[in-house]
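The next block holds one structure in the form of structure tokens; read it before the comments.
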2 protein chains.
Amino acid sequence: MQMDERKQKILKAIVQDYIATAEPVGSRTISKKFELGVSPATIRNEMADLEELGLIEQPHTSAGRVPSDLGYRYYVDCLMDPVVLSEKEKKIINQEVVKRLDELQEVIEYTGKLVSQVTNLTSLVLKPKNRESALKKIYFLPYETGKAIMVTVKDNGTVDNSIVDIGEDTSPEELQILANIFNDRLSGSKAQDLKKGLLNEIYSELSKKRRMLDGVLGILERMFEPKDGENKERVYLGGTLNMLNQPEFKDIDKVKNLFSLFEENRKLQELLNPGDDIQGLNITIGSENPDLAFKECSIISATYHINGKQIGSVGVLGPTRMDYSKAITIVDYMTKSLTEILTNKYRGQQI
Amino acid sequence: MQMDERKQKILKAIVQDYIATAEPVGSRTISKKFELGVSPATIRNEMADLEELGLIEQPHTSAGRVPSDLGYRYYVDCLMDPVVLSEKEKKIINQEVVKRLDELQEVIEYTGKLVSQVTNLTSLVLKPKNRESALKKIYFLPYETGKAIMVTVKDNGTVDNSIVDIGEDTSPEELQILANIFNDRLSGSKAQDLKKGLLNEIYSELSKKRRMLDGVLGILERMFEPKDGENKERVYLGGTLNMLNQPEFKDIDKVKNLFSLFEENRKLQELLNPGDDIQGLNITIGSENPDLAFKECSIISATYHINGKQIGSVGVLGPTRMDYSKAITIVDYMTKSLTEILTNKYRGQQI
DNA sequence: ATTAGCACTCACCTTGCAAGAGTGCTAACA
DNA sequence: TGTTAGCACTCTTGCAAGGTGAGTGCTAAT
């Protein structure tokens, strides 16, 4: 059996109506709402075929039809009408993002907020991953007796500061010597490398300063290992409450399951990057998802880039019965927009 | 009518049984489970009295009794048995907190996690408020052509850094002069004051550097105004999902309401500080709460201190039918513990 | 190939009824 | 006078029966 044009039209009608109403769609409804020029009986015949093809299913004998995951997939791949954003909507997205460009954290959060508001779904935003970075420069500044401010510059441009214990007997000159040693030796090395080679050299210069040195190295080490804080990859969620408005989540147990999963960041990351290599838009529908817990959900995600390098992702999560065309358009536009804005901002810089 | 001892025992039995089972408590149940040495009929008489006093109520004529908000209040104030934490529990709390002492953010988050785990309720932790702080010291360090790292030290000890645009024609010497001017003039002043008096002076020294100066002042200003980020007071929630396990929230609409409120940080702050002046433990039961939305919830909160100064709060939120004695004990111990640990850490320092 | 018609199925709602839990009242008892 | 046993009453809960309506599949006519 093949999909002819009429079957396509009927499937499309079923999906669209079901997306809109969340109720199983009957043959009569289709023949009334959509102008196909055929009677309910004909549609019934076609629906039997569609069911045989696995594209739609019946909750029970006397109910209408509901799209299967496969049906949604066919709809997404072949039938969906593209949605275009109005210039106004585009402007809002761009302006709001640009407004917050100074603070990366804010961009992330706002992107999520925006996406979830527009789609009425839950948004997922993967924070840009700090790439492997190496130390470039160290400065010490006076703080209070026995302590100094250590300012570090990494080769990706980030600047951090922390307080180190230097003991009361360290003179500014000694500190300067230490900084010089670091700066001479470290260009481009990672913390681990530092520790091995550098220790002897510095010990010979400042034999008494062992405690202080350990402090400095400790801080450096912590700075480079991926921690809970800034450096770790993390998915930010927005509009999680929107899920509660979906009729498929009127059951409290489902909500509990879903929200529990929301707290497992690792799973969310897998969700956002079903295949790491795939460029562009990614759509995972229902049971296509490896995790059973999401078998009633679909995820649409896309990556954004700076200077051609993949940086993070934006996605939405909703029930399988979601407005795919709108969601896809938003996610697509959002990532393209982010890519453009960020690439503009960091033009030519290595990230 | 007065509360005699038997009435108290019966009320206590009703509250305790209702807390445990979430089912209206009948006279027969009480006479069986609790050894009062009287028959159900007698208990019924007393219950009628308790109802007249407004301490318990009946969902419907043929159901058992349920404590009213007033009943819980009486229970909390007069009847409750104190719970003591085992040494083991105390140790866990202390160790886990101390382990994370380096990162304030982590202490907050872990405190919340711990509290919600132990109580099976939702925890609220108010992050320490950065007190009004003034600038103490500024340093400039080289970054890349046209840009410099500005390191600021505030008088509460915090150190921040940011990148400023200095234009390509600013020499290190000029930067040093600028830093000197700032450091001479600013001791203890806030950003706004700076702007007014300082400008002319600096303009006369570095007349060409207007753009750069504006950049520096802009950053300073933003640094001092309470922002979305670090400086703003914020309540952190833990174990919000625990609420879903409570039978009173099996209705999805209630969940939606509650969770919406969770996103309004300002309301949560009010919740944690019902009266700003009150020292020690605070218990708000059901409709005692000014916000209608929480009329089925109780909040227990307490503040913690550093060197006698109020810093933040810890609280739990649950249905009115919650285990008050346990919750109170935990919150109390947690804040006392935090106060001790933090005061120890910051001994003598001004916070 | 399409359609009208019809019998059939099944979820859903309403209604009625029985069971059970709990109360309030009354009268008897210590 | 306080306590208790007994009883009638109330109200929820659960279950079964029956009616309704939406929707289907099949068949026969167009």
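Just so we're on the same page: letters track the sequence lines, and every chain starts at 1.
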Notebook entry, point to check: Can you find a side chain N or O atom of Thr42(A) that sits less than 4.0 Å from OP1 or OP2 on dT3(C)?
Noted result: yes
Notebook entry, point to check: Quick one: is dG22(C) close enough that its OP1 or OP2 comes under 4.0 Å of any side-chain N or O from Arg65(B)?
Noted result: no
Check: In whole angstroms, how far is the P atom of dT4(D) from the CD1 atom of Ile43(B)?
Finding: 9 Å
Checklist line | d(CZ, Arg28(A); C1', dG5(C)) in whole Å | finding: 14 Å
Check: Base, backbone or nothing for each nucleotide of nucleotides 6-12 of chain C, written B, S, -, heavy atoms under 4.0 angstrom, 5' to 3'?
Finding: ---BBS-
Check: Any side-chain heavy atom of Ile43(B) within less than 4.5 Å of one from Arg28(B)?
Finding: no
Notebook entry, point to check: Taking CD from Glu57(B) and C1' from dT23(C), how many angstroms apart are they, rounded to a whole number?
Noted result: 16 Å
Note to self: Ignoring hydrogens and geometry beyond distance, is a side-chain donor-acceptor pair present between Ser298(A) and Tyr72(A) at under 3.5 Å?
What the structure shows: no
Next item on the list: Would you classify Ala41(B) as touching base, sugar-phosphate or nothing, given that sugar-phosphate means primed atoms plus P, OP1 and OP2, and contacts are heavy atoms under 4.0 Å?
Entry: base
Check: Taking CE from Met47(B) and P from dC25(C), how many angstroms apart are they, rounded to a whole number?
Finding: 14 Å
Checklist line | Spacing of Glu23(B) atom CD relative to dG22(C) atom C1', expressed in whole Å | finding: 13 Å
Cut-off 3.5 Å, no hydrogens considered: what does the side-chain donor-acceptor table look like for residues 48-56 of chain A, sequence neighbours left out?
from	atom 1	to	atom 2	distance (Å)
Asp49(A)	OD2	Lys7(A)	NZ	3.3
Glu51(A)	OE1	Arg65(A)	NE	2.8
Glu51(A)	OE1	Arg65(A)	NH2	2.8

Checklist line | Comparing Thr29(A) and Arg6(B) on DNA chain D - which has the more 5′ nearest nucleotide | finding: Arg6(B)
Checklist line | Under-4.0 Å salt bridge between Arg73(B) and Asp69(B) | finding: no
Check: So, Asp323(A) and Ser325(A): side-chain donor and acceptor under 3.5 Å apart, yes or no?
Finding: yes
Notebook entry, point to check: Between Tyr333(B) and Glu89(B), do the side chains contain an N or O donor and an N or O acceptor separated by less than 3.5 Å?
Noted result: no
Note to self: With heavy-atom distances below 4.5 Å as the criterion, would you say the side chains of Leu121(B) and Leu317(B) are in contact?
What the structure shows: no
Notebook entry, point to check: Given atom CD1 of Ile10(B) and atom P of dT23(C), what is their separation to the nearest angstrom?
Noted result: 11 Å
Note to self: Please report the distance, rounded to the nearest Å, between NZ in Lys33(A) and P in dG23(D).
What the structure shows: 10 Å
Next item on the list: Could you please name the option among dA4(C), dT24(D), dT4(D) that lies closest to any side-chain atom of Ser27(A)?
Entry: dT24(D)
Checklist line | Between dG25(D) (P) and Asn45(A) (CG): distance, integer Å | finding: 8 Å
